[in-house]
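Below, all heavy atoms of this structure are taken into account, side chains as well, without hydrogens, waters or symmetry copies.
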Amino acid sequence: MAAAKRFELRPDRKGAAWDLLLYVPTVVALGSMAAKLWFGDDHPLAYVLSFLASFFFFVGANRILKTRLMLLPSAPVRVDVDADAVSIVQRGGASADLVKDQRFYADFSGRSFGISGLNREGQRLQFVLHRGQFADEDAYASIQEALRRLGKPGKPGRPGGGK
């Protein structure tokens, strides 16, 4: 039986800066257009743009605060991969063990990947990890190889775009 591999994660400040450059102008533009349409008496379209601005705000905030800067309690800080399970230690101290139906979702650009699986209670959990969260390229390649051997690849067309 092979020993568990441990991968410590760190905040990805460079990725957070890129995400800020993506989400802030998008939210501001959508919010501005919604306000202009609201005061121009086109309320239905203003509602749609307000919803989109709110959606992108929450998605961007979660991505930056949880996956990039690792500030939220549910943010993963360490990943342990052994022969039959993946254990993800979260910032709040909780540990999520993916013990069944683990899947690995690589993105096509190679800058991030997703892990999903069932925990001991049968709940499906999923996590996204980015290249900038690992100490070096060797650690990033090593965890991907360990996860590929452990689980089935995700199906193309599903979130994360498995290969």
Side-chain angles (χ1 to χ4, degrees), residues 7-79 86-96 98 101-119 121 123-137 139-141 143-144 147-148 151-163:
F7 300 94
E8 298 289 335
L9 302 175
R10 61 185 184 153
D12 181 12
R13 298 193 194 292
K14 185 177 175 184
W18 279 107
D19 282 348
L20 281 170
L21 288 172
L22 171 70
Y23 286 106
V24 170
T26 302
V27 170
V28 169
L30 288 169
S32 300
M33 288 188 288
K36 181 179 177 182
L37 290 171
W38 179 262
F39 292 109
D41 290 332
D42 191 0
H43 294 174
L45 188 55
Y47 281 125
V48 171
L49 293 178
S50 296
F51 169 77
L52 287 174
S54 300
F55 177 78
F56 278 103
F57 173 77
F58 287 120
V59 168
N62 183 58
R63 182 174 167 106
I64 292 167
L65 295 176
K66 182 179 177 184
T67 66
R68 295 292 191 174
L69 297 179
M70 300 169 30
L71 296 175
L72 299 180
S74 59
V77 294
R78 189 179 80 221
V79 180
V86 177
S87 179
I88 298 173
V89 178
Q90 298 169 338
R91 182 177 175 88
S95 179
L98 305 178
D101 196 27
Q102 299 97 348
R103 293 187 184 259
F104 172 76
Y105 298 93
D107 76 356
F108 293 111
S109 67
R111 294 188 180 128
S112 63
F113 62 89
I115 308 168
S116 72
L118 298 175
N119 67 3
E121 289 82 34
Q123 294 175 317
R124 179 155 302 277
L125 302 175
Q126 60 186 13
F127 298 91
V128 176
L129 302 173
H130 304 280
R131 179 188 295 176
Q133 292 180 290
F134 294 90
D136 54 18
E137 290 294 322
Y140 185 71
I143 190 171
Q144 285 188 333
L147 291 170
R148 277 191 184 102
K152 298 179 275 189
K155 295 179 182 172
R158 285 196 171 179
K163 290 185 177 179

Using the side chain to side chain contact (heavy atoms under 4.5 Å, CB included) rule, take Leu45 and Met33 through it: C-alpha gap first, then chi angles, then the decisive distance, then the call. CA-CA 9 Å; Leu45 188 55; Met33 288 188 288; over 6 Å; no

Using the side chain to side chain contact (heavy atoms under 4.5 Å, CB included) rule, take Arg103 and Asp101 through it: C-alpha gap first, then chi angles, then the decisive distance, then the call. CA-CA 6 Å; Arg103 293 187 184 259; Asp101 196 27; 3.7 Å; yes

If you apply the rule side chain to side chain contact (heavy atoms under 4.5 Å, CB included), what do you find for Glu137 with Arg131, and how did you get there? CA-CA 8 Å; Glu137 290 294 322; Arg131 179 188 295 176; 3.1 Å; yes

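Interatomic distance, Met70 CE to Leu65 CG, rounded to the nearest 0.5 Å: 12.5 Å. Interatomic distance, Leu98 CG to Arg124 CZ, rounded to the nearest 0.5 Å: 9.0 Å. Here Leu147 contributes atom CG and Ile115 contributes atom CD1; the two are 4.5 Å apart, rounded to the nearest 0.5 Å. With values rounded to the nearest 0.5 angstrom, Asn62 atom CG is found 5.5 Å from Lys66 atom NZ.
Contact check for Leu69 versus Arg13: side-chain heavy atoms found under the 4.5 Å cut-off. The shortest distance between side-chain heavy atoms of Pro73 and Gln90 does not fall below 4.5 Å.
For Glu121, there are no salt bridge (Lys or Arg N to Asp or Glu O under 4.0 Å) partners, not counting sequence neighbours.
Contact between Ile88 and Pro76 at its shortest, heavy atoms only, is CG2-CB, 3.4 Å. In terms of heavy-atom proximity, Gly15 sits nearest to Arg68 at CA-NH1, 3.5 Å. Across every non-hydrogen atom of Ser95 and Ser87, the tightest pair is OG-OG, 3.1 Å. Scanning all heavy atoms of the two residues, the minimum distance from Ala135 to Arg10 falls at O-NH2, 3.8 Å. The two residues Ala34 and Leu49 come nearest to each other via the heavy atoms CB-CB, 3.8 Å. Scanning all heavy atoms of the two residues, the minimum distance from Ala53 to Val27 falls at O-CG2, 3.9 Å.
Around atom CZ of Phe57, no more than 12 heavy atoms belonging to other residues, nucleotides or ligands sit under 6.0 Å away. In the displayed structure, Arg78 atom CZ is contacted under 6.0 Å by more than 12 heavy atoms of other residues, nucleotides or ligands.
Of the candidates Leu30, Val24, Val28, Leu30 is the only one forming a side chain to side chain contact (heavy atoms under 4.5 Å, CB included) with Thr26. Partner of His130 under the side chain to side chain donor-acceptor pair (under 3.5 Å) criterion, out of Thr67, Asp107, Asp12: Thr67 alone. Tested against Phe113, the residues Phe127, Tyr105, Tyr140, Phe108 include a single ring pair (Phe, Tyr, Trp, His ring centres under 6.0 Å) partner, Tyr140.
In this structure, Tyr47 and Trp38 have perpendicular ring planes: the angle between them is above 60°, well past the 30° mark. Ring pair Phe7/Phe134 is perpendicular by interplanar angle, where above 60° counts as perpendicular and below 30° as parallel.
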